[in-house]
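Order of listing sets the numbers, starting from 1, for every ligand and every atom in it.
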Amino acid sequence: MDETLTPVHVLVRSPDLSLPSRALTLAPDFTLRRLKLSLLLPQTLALDSLYFSLNGKPLPDSSTLASAAGGGGGGVLDLTLRLRLRGGGGDGGATGAESRDCYLNMYATKKPDKVDPNETRLSKWTTCALSGEPLAHPAVVDRLGNLFNKEALIEALLHKKLPKEFKHIRGLKDLIPIHLDSIPGATTDAETKFQCPITGLEFNGKYSFFAVRGCGHVLSAKALKEVKSTSCLVCHKEFSDSDKIVINGSAEEVKLLRAMMEEERGRVKERKEKKAGACLSGTKHAADEKGDVLDNGKKDSNGKRFRALDIAPANATKEVYASIFTSSKKSDFKETFSCRSLPLGRN
Ligand SMILES: [Zn+2]
């Protein structure tokens, strides 16, 4: 088997954080950084204050699971999530008083609503949820409010390499292209590059934002609240409440979006099934192989039945076009379910 495609079984222990161990099965090209993000750690922990180690050896965030596993294959990658001890030497030589709790408190902020030193949150707003690259045009949002660079997401979709957490993205129809309003003069290495086009609030995780499905404009909740409107404040396209996708929403908000997505999928499926049912019980599209009656545009014995031919598009062959309107022609051809899917006139 090709090792580069084999999913990696990962066990994550985090004794420093007093979190339960997690067992996961992930794509081999999943990076450790991504793994950190996917563990849904407390928002109060900065990503940089954590690192993974394997057999006591620290691993860089950029390594993939495959490289961490070292091609060992088969077994379980037993990772330990550790708190980085900053300053003080970190080898225990500092003072005995520095218990684990000290470090935990050091990296924990008590007021998550205040100015945010927290990289976890900022990175969700400034980087692609898949590639970790800085968010840039063209960007998309999924149905649950995650932000992506379009290219990275499409690439992953095409190669079927979407991590489990993004399995709800089934195809292009689940991507909503968004227009992010750039902050004028923001340099490429600026932490926050986008803003609300109405209020100027920065797109940095401190404020709530919505993407409007349909037009893709990204607006702050504040703008939408203050200017009560059922049309987009930028392009004036009408939208309903269900067209608003909260970006990087809370667990509750994501749950709601997911429910909406599933409900909509259910409706679409139902519609399709109804349609298919109607097709099977209703009109037949039997194309008659021997049907030469339509050659030269002559009307057959059924006369006016084929009047539509007169307005057939120039590039449609008459047989094909006529077969759409032919509902009762007798044919030796035995119709089966699989035959139906053949292009008209070829069975
Ligand atoms: Zn708009």
(message) Does the plane of the ring in H179 sit parallel, tilted or perpendicular to the ring in H217? Use 30° and 60° as the thresholds.
(response) tilted
(message) I need the SG(C232)-the Zn ion (ligand 1)-SG(C215) angle, rounded to 10 degrees.
(response) 110°
(request) With side-chain contact (heavy atoms from CB on, under 4.5 Å) as the test, would you mind laying out the steps for F30 and L35 before giving the verdict? (result) CA-CA 7 Å; F30 212 80; L35 179 57; 4.1 Å; yes
(request) Tell me, please, if C235 has any N/O/S atom, main chain or side chain, under 2.8 Å from the Zn ion (ligand 1)? (result) yes
(message) Could you check whether E273 pairs with R267 (Lys NZ or Arg NE/NH1/NH2 to Asp/Glu carboxylate O, under 4.0 Å)?
(response) no
(request) Looking at H217, pick out the N, O or S atom nearest to the Zn ion (ligand 1) and give its name. (result) ND1
(message) Using a 6.0 Å cut-off, check whether atom NZ of K167 has over 12 heavy atoms from anything other than its own residue.
(response) yes
